[in-house]
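What follows is a short report on a single structure.
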Protein chains: 2
Amino acid sequence: MISQTAVHSRRFVAEGFTAAGARGYHYRVLAALEEFGPASQAELGRRCRMDRSDIVAAVTELEQKGFVERSADPADRRRNTVTITRAGTQQLQRLDRALDSVQDELLAPLSATERQTLVALLGKLIEHHGGAPTS
Amino acid sequence: MISQTAVHSRRFVAEGFTAAGARGYHYRVLAALEEFGPASQAELGRRCRMDRSDIVAAVTELEQKGFVERSADPADRRRNTVTITRAGTQQLQRLDRALDSVQDELLAPLSATERQTLVALLGKLIEHHGGAPTS
DNA sequence: GCAGATCGTTGGCGTCGCCAACGGTTCTGT
DNA sequence: ACAGAACCGTTGGCGACGCCAACGATCTGC
């Protein structure tokens, strides 16, 4: 059952994140900013498949930690342009490293080719169900 | 990323459950009761990998719906013996059917052999990380 | 008999995902 | 030009899930 592995995966990932003082939402926002550049909050919501209200909370927290900057968009006064800072990039790298080690731990019992197969299969599932290509 | 598929899986499963008027906790408890027979709540918690406090809530709800019965254990007055009822077994069958169709939908893009491979790989992961063999 | 473990229960915390409503802004059709 | 639709950020709320702390009652080992 996929749900079963999901549980373990979740647990491991959560561990890695909390160890780095962050949450899944933070990582997603930072990763989206790094990959696609500055964006409005609504745009971030679409990229991260997150609700607008959750984006507000995440961006606020990231802003308080200095990982992100909010600035009014002069071209459209409805929007806030969110930009990742230098510190934000560094934090993202930390989280990426944490995720890597977590992934190693999770996939420990699998050989390299098995991992490849698994990733391919899961990729197929995600793509078929309209998944966004996030890391 | 496993987390990605986890999200979709979760969503699908949740859909199927709420459509049947149940939650994941309910299913797990019913399945454990059907598979291993009546048990105390603490025992259920171990089987389902759930917290005792969550077992309390789940059993209470299942009891209100008539899917389960609480009875004092005469041999140990601390324990409540939880027993699945006829209606509970039927409900479990409904949930199983719902899960099956959900799984079909989720695994739609995969061939039969691919599904087999995926299940095998995930099984390896679960087993390695001390997973309990649930369904 | 007494200390420690176990059981059910209550209450709380945090993450994740979602929805409704608002006031402000921009875009659209006419 | 102007009304209505659509969009944006924000606030507040809800439910599912996972976990922890504490309590009183009960059972166990020594």
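A, B, ... follow the sequence lines: proteins, then strands. Residue 1 opens every chain. FYI, side chains are in, hydrogens and waters are out, and symmetry mates aren't considered; it's all heavy atoms of this structure.
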Separation of [X] atom [atom1] from [N] atom [atom2], in whole Å?
X       : N      : atom1 : atom2 : value
B:Asp73 : C:dT6  : CG    : P     : 17 Å
B:Arg49 : D:dC17 : CZ    : P     : 17 Å
B:Arg77 : C:dT6  : CZ    : C1'   : 15 Å

Please list all pairs meeting salt bridge (charged side-chain N to carboxylate O under 4.0 Å, His left out) that have one or both residues in residues 80-90 of chain B, counting only residues at least two apart or in different chains. none

Would you list the atom pairs, donor with acceptor, under 3.5 Å between side chains in residues 57-64 of chain B and any protein atom, with sequence neighbours excluded?
unit_1, atom_1, unit_2, atom_2, d
B:Thr60, OG1, B:Val56, O, 2.7
B:Thr60, OG1, B:Arg70, NH2, 3.1
B:Glu61, OE1, B:Arg23, NH2, 2.4
B:Glu61, OE1, B:His26, NE2, 2.5
B:Glu61, OE2, B:Arg23, NH2, 3.2
B:Glu63, OE1, B:Arg70, NH1, 2.8

Is the closest side-chain heavy-atom distance between A:Glu114 and B:Lys124 below 4.5 Å? yes

How would you summarise protein contacts on nucleotides 4-12 of chain D per nucleotide, using B for base, S for sugar-phosphate only and - for none, with heavy-atom distances below 4.0 Å? --BBSBBBB

What pairs with A:Asp51 under side-chain contact (heavy atoms from CB on, under 4.5 Å), at least two apart in sequence or on another chain? A:Ser53, A:Asp54

side-chain contact (heavy atoms from CB on, under 4.5 Å) against A:Glu34, all qualifying residues, sequence neighbours excluded: A:Ile84, A:Thr89, A:Leu92

Using heavy atoms to find the nearest nucleotide of DNA chain C for A:Met50 and A:Ala75 separately, return the residue whose nucleotide is more 5′. A:Met50

Sorted by chain and number, sequence neighbours left out, side-chain hydrogen bond (donor to acceptor under 3.5 Å, both in side chains) with A:Asp100 holds for none

